[in-house]
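Some notes on the structure that comes next.
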Amino acid sequence: MNRELTGREKVMLLILSVLVMALGYYKLILEPINDQVAAYRDSTEQEQTELTTELVRAEQLKKMESAVAELRQRGDVKPIPAYDNSKALMVELHRILASAQEYSLDFSAGTTEEDYIVLRPISLSYTTATYTQSRAILDALSGSDYMNKISNLSIQTETGRGESGVKTAMVITYFEVRQ
């Protein structure tokens with residue numbers, strides 16, 4: 001079957017070959033390039049977001065460092081005591097809580113370590129006659145010479161049996177340095 005193609009068949013084959021070439025160009029070359037460009041744009045946006053986050057973090061770090069330097073210049077920095085500061089801590093707690101009607105300390109939570117910092121949580125509850133006395137003890141605890149964090153604070157008034165008082169409960173965590 002070797003016959004010569006008609007003009008119409010030649011035009012149809014030409015259109016078909018151009019169409020196949022255009023489709024091949026689109027599927028094999030243009031579409032992968034566009035996908036790669038979109039992936040690069042997404043990656044660029046992600047890296048830009050990370051860069052912005054890191055710049056904000058660096059700025060906050062500089063602010064914190066300058067605040068710490070300012071505190072050190074003013075002498076407001078509380079040093080973190082060395083590990084096993086429990087004797088001095090007990091003396092201070094007894095001194096602060098002496099004005100309470102009664103108090104209770106619970107060390108059962110034990111100590112935990114985070115890197116070189118030892119956390120010594122103490123469950124503390126005390127009863128005073130007035131809110132002002134309770135607040136004074138709370139202020140003395142938070143202003144202690146030993147670095148601490150007060151959490152789970154609860155202040156309740158108690159009335160009954162002809163007596164009234166303010167019962168305060170909290171967890172106070174003291175920080176110590178393991179050397």
Side-chain angles (χ1 to χ4, degrees), residues 30-100 102-128 130-157 166-179:
L30 191 61
E31 195 173 76
I33 289 174
N34 288 341
D35 290 345
Q36 193 69 29
V37 167
Y40 287 147
R41 283 189 181 138
D42 289 343
S43 175
T44 302
E45 287 176 18
Q46 201 172 34
E47 288 175 5
Q48 191 69 28
T49 303
E50 288 175 13
L51 180 64
T52 304
T53 303
E54 290 299 320
L55 288 174
V56 168
R57 188 176 297 157
E59 185 177 318
Q60 288 175 341
L61 183 63
K62 283 183 182 178
K63 285 181 183 177
M64 286 190 297
E65 287 174 348
S66 66
V68 168
E70 183 179 317
L71 286 173
R72 284 189 177 144
Q73 287 177 348
R74 289 191 314 207
D76 290 347
V77 176
K78 292 181 186 178
I80 300 176
Y83 176 67
D84 204 10
N85 187 41
S86 56
K87 288 182 183 177
L89 191 58
M90 289 302 294
V91 169
E92 179 169 292
L93 286 172
H94 180 68
R95 180 186 57 80
I96 292 172
L97 295 168
S99 64
E102 64 180 47
Y103 67 87
S104 168
L105 302 173
D106 182 8
F107 293 89
S108 65
T111 60
T112 56
E113 293 186 38
E114 291 182 9
D115 295 328
Y116 59 92
I117 301 292
V118 177
L119 309 176
R120 186 182 300 278
I122 302 170
S123 296
L124 168 68
S125 63
Y126 60 89
T127 305
T128 57
T130 65
Y131 174 78
T132 306
Q133 290 174 331
S134 179
R135 180 60 194 231
I137 291 174
L138 188 61
D139 289 341
L141 287 169
S142 69
S144 168
D145 290 339
Y146 302 112
M147 187 174 287
N148 63 59
K149 178 181 118 184
I150 296 175
S151 59
N152 300 338
L153 178 64
S154 168
I155 300 176
Q156 299 173 348
T157 57
V166 177
K167 182 162 179 74
T168 306
M170 71 183 81
V171 174
I172 184 165
T173 304
Y174 285 93
F175 302 93
E176 299 172 354
V177 176
R178 179 173 290 285
Q179 297 174 345

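We count residues from 1, following the sequence as given. The figures here come from the full heavy-atom set of this structure, side chains too, leaving out hydrogens, waters and symmetry mates.
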>> Assess the residue pair L61 and E65 against the criterion (side-chain contact (heavy atoms from CB on, under 4.5 Å)); give the C-alpha distance rounded to whole Å, side-chain angles, the decisive distance to 0.1 Å, and a yes or no.
In response: CA-CA 6 Å; L61 183 63; E65 287 174 348; 3.8 Å; yes
>> Do F175 and R120 have side chains that approach each other closer than 4.5 Å (heavy atoms only, starting at C-beta)?
In response: no
> Which value, rounded to the nearest 0.5 Å, describes the distance between L124 atom CG and L141 atom CG?
Replying inline: 6.0 Å
>> What's the separation between atom OG in S144 and atom CD1 in I172, rounded to the nearest 0.5 Å?
In response: 7.0 Å
>> For a side-chain contact (heavy atoms from CB on, under 4.5 Å) check, start with the C-alpha distance between S154 and Q156, then their side-chain angles and the critical distance, and finish with the verdict.
In response: CA-CA 7 Å; S154 168; Q156 299 173 348; 3.7 Å; yes
>> Just so I know, are the side chains of Q46 and D42 near enough to count as touching, which here means a heavy-atom distance under 4.5 Å?
In response: no
> Can you list the steps and then say if T130 with Q133 is a side-chain contact (heavy atoms from CB on, under 4.5 Å)?
Replying inline: CA-CA 5 Å; T130 65; Q133 290 174 331; 3.3 Å; yes
> Is there a side-chain contact between M90 and L105 (heavy atoms, below 4.5 Å)?
Replying inline: yes
> Sub-3.5 Å donor-acceptor pair from the side chain of Y40 to the main-chain atoms of D35, do we have one?
Replying inline: no
> Which distance, rounded to the nearest 0.5 Å, do you find between the CD of E50 and the CG of L55?
Replying inline: 12.0 Å
> Rounded to the nearest 0.5 Å, how far apart are CE of M64 and OG of S66?
Replying inline: 9.5 Å
> Is there side-chain contact between M170 and L138, with heavy atoms separated by less than 4.5 Å?
Replying inline: yes
> In chain order, what residues pass the salt bridge (Lys or Arg N to Asp or Glu O under 4.0 Å) check against E45, with sequence neighbours excluded?
Replying inline: none
> Looking only at heavy atoms, which two atoms of P121 and V171 are closest? And how far apart?
Replying inline: CB-CG1, 4.3 Å
>> In the structure I gave you, are the side-chain heavy atoms of T173 and I122 within less than 4.5 Å of one another anywhere?
In response: no
> Taking the side chain as C-beta and beyond, is there a heavy-atom pair between E31 and N34 under 4.5 Å?
Replying inline: no
>> Tell me whether E54 is salt-bridged to R57, with the criterion being a basic N under 4.0 Å from an acidic carboxylate O.
In response: yes
>> Less than 4.5 Å apart, side chain to side chain, heavy atoms only: is that true for I137 and T168?
In response: no
>> According to salt bridge (Lys or Arg N to Asp or Glu O under 4.0 Å), who are the partners of E102, at least two apart in sequence or on a separate chain?
In response: none
>> How long is the straight-line distance from CZ of R135 back to OG of S142, given to the nearest 0.5 Å?
In response: 7.5 Å
> Can you tell me how far CG of L97 sits from OH of Y126, rounded to the nearest 0.5 angstrom?
Replying inline: 7.5 Å
> Is any side-chain heavy atom of I155 less than 4.5 Å from a side-chain heavy atom of Y131?
Replying inline: yes
